[in-house]
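Keep in mind it's a predicted model, so treat the numbers as computed, not measured. Every chain is numbered from 1, with letters handed out A, B, ... down the list of sequences. Computed over heavy atoms, backbone and side chain alike; hydrogens, waters and symmetry mates excluded.
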2 protein chains.
Amino acid sequence: MSNTELKKAGLKTTLPRLRILQLLESSKTRHMSAEEIYKTLLELDEDVGLATVYRVLTQFETAGIVIRHHFQSSSGTAVFELNERSHHDHLLCTDCGKVIEFEDKIIEERQQAIAKQYGFDITDHCLYLYGRCQHPENCEHNK
Amino acid sequence: MSNTELKKAGLKTTLPRLRILQLLESSKTRHMSAEEIYKTLLELDEDVGLATVYRVLTQFETAGIVIRHHFQSSSGTAVFELNERSHHDHLLCTDCGKVIEFEDKIIEERQQAIAKQYGFDITDHCLYLYGRCQHPENCEHNK
DNA sequence: CTACGTGCAAACGGTTTGCAATTCC
DNA sequence: GGAATTGCAAACCGTTTGCACGTAG
């Protein structure tokens with residue numbers, strides 16, 4: 001199944017690619033950094049190189065399998081999420097790291113309207129809301 | 001004048017700080033990277049160290065004098081803008097680098113509503129719209 | 001068989017930091 | 001004069017790349 005997805009993307013089925021895709025599909029944490037993916041795979045006794053993880057993630061990104069985010073909170077480290085659901089934006093707790101995904105039609109519409117007003121053709125956008133959730137104590141490991 | 005602003009922020013008036021603040025105030029380009037600021041000052045025969053530029057910008061940021069942005073387009077390089085106007089978001093042309101600032105009450109309201117719905121207290125947010133403007137040819141150096 | 005993918009180690013680029021010299025008040 | 005600030009060079013850290021080896025089809 002992960003296999004078919006790779007083929008569909010024009011990527012040869014290789015062990016590292018399969019492992020990374022499967023990890024992303026099975027992980028509780030929807031947003032992982034390259035480093036996290038790398039370490040998790042090592043713990044599972046799958047030996048991949050960190051460079052490969054980066055290469056594969058970049059390929060996944062251009063194939064549309066994955067989305068790369070640069071959250072301000074995580075000091076420059078990119079995180080990746082499977083691009084399986086419909087478009088959504090993010091709400092991030094700066095205290096506990098919790099990430100909530102949401103969709104808002106009104107905001108999307110306004111973005112289009114604004115773009116039109118300035119003669120822009122939007123290809124991409126990102127909206128990150130940073131704040132504190134009310135109960136950070138019970139979501140310390142909920143990233 | 002820039003002087004008072006530094007004092008107000010609790011920062012000792014030093015040459016590098018004054019130069020950087022004045023440059024940001026006088027520059028046509030509202031969004032500049034540390035490197036750009038550094039080079040511009042060198043051209044003006046003000047000798048500052050790049051490290052100082054970074055340090056000062058960080059101090060300015062925590063003092064609220066400046067806002068730091070990480071536009072996806074500029075491959076990891078942060079850009080800084082004076083925090084003088086009211087809050088605004090950004091529309092960025094990926095072809096010519098043009099940056100348009102806009103304000104939208106409806107989007108702001110929706111953000112608050114969404115935050116409330118999830119029990120979040122928003123401290124900060126960023127909304128970047130990436131796209132292509134209709135006439136990129138005449139704004140090549142309009143960053 | 002051969003092109004493509006991988007692991008490793010070294011390079012990269014933006015940013016930060018330790019330290020001795022300098023500047024501000 | 002003494003604390004704060006600077007410039008320089010070296011460290012840093014996430015990411016990318018060159019290259020010799022390995023693997024999928």
### Task
Specify the separation, in whole Å, of atom NZ of A:K12 and atom P of D:dG22.
16 Å
### Query
With sugar-phosphate meaning primed atoms plus P, OP1 and OP2, does A:S75 contact a base, only sugar-phosphate, or nothing at under 4.0 Å between heavy atoms?
nothing
### Query
Closer to the 5' end of DNA chain C via nearest nucleotide, is it B:T58 or B:P16?
B:T58
### Query
Would you call the rings of A:H69 and A:Y128 parallel, tilted or perpendicular if under 30° counts as parallel and over 60° as perpendicular?
perpendicular
### Message
Could you tell me how far apart A:F80 (CZ) and D:dT15 (P) are, to the nearest whole angstrom?
### Response
7 Å
### Query
Taking the side chain of A:L50 as its heavy atoms from C-beta onward, which of D:dT5, C:dG5, D:dT15 lies nearest to it?
D:dT15
### Query
How would you label the contact of A:T13 with the nucleic acid (heavy atoms, under 4.0 Å): base, sugar-phosphate, or nothing?
sugar-phosphate
### Message
For C:dG18, does the base pair up with any side-chain atom of B:R55 as donor and acceptor (N or O, under 3.5 Å, distance only)?
### Response
yes
### Query
What is the distance, rounded to the nearest whole Å, between atom NE2 of B:H69 and atom C1' of C:dG14?
18 Å
### Query
Just how far, in rounded Å, is C1' of C:dT16 from CD of B:E35?
14 Å
### Query
DNA chain C: B:A78 or A:A51, which has the more 5' nearest nucleotide?
A:A51
### Query
Separation of A:L11 atom CG from D:dT23 atom C1', in whole Å?
16 Å
### Message
Of the listed nucleotides (D:dA4, C:dG7, D:dT15), which one gets closest to any side-chain atom of A:Y54?
### Response
D:dT15
### Summary
Separation of D:dT17 atom P from A:Q59 atom CD, nearest Å, is 12 Å
### Query
Heavy-atom distance under 4.5 Å between the side chains of A:E108 and A:E103, does that happen here?
no
### Message
Are the side chains of A:I65 and A:L82 in contact, using a 4.5 Å heavy-atom criterion?
### Response
yes
### Query
Do the ring planes of A:H31 and A:F71 sit parallel (below 30°), tilted (30 to 60°) or perpendicular (above 60°)?
tilted
### Message
Given A:T40, which partner from the list A:E46, A:M32, A:E35 fulfils the side chain to side chain contact (heavy atoms under 4.5 Å, CB included) test?
### Response
A:M32
### Query
Could you give the CD-to-P distance, from B:E61 to C:dT15, as a whole number of Å?
12 Å
### Query
Think A:T14 has a side-chain N or O under 4.0 angstrom from the OP1 or OP2 of C:dT6?
yes
### Task
Using a cut-off of strictly less than 4.0 Å, decide whether A:T52 has a side-chain nitrogen or oxygen near OP1 or OP2 of C:dG7.
yes
### Query
Counting any heavy atom closer than 4.0 Å, what does B:R17 reach on the DNA or RNA strands: base, sugar-phosphate only, or nothing?
sugar-phosphate
### Task
Round to the nearest Å and state the distance from A:L6 atom CG to D:dA24 atom P.
13 Å
### Message
What's the closest nucleotide to the side chain of B:V56 if the choices are D:dT6, D:dG25, D:dT16?
### Response
D:dT6
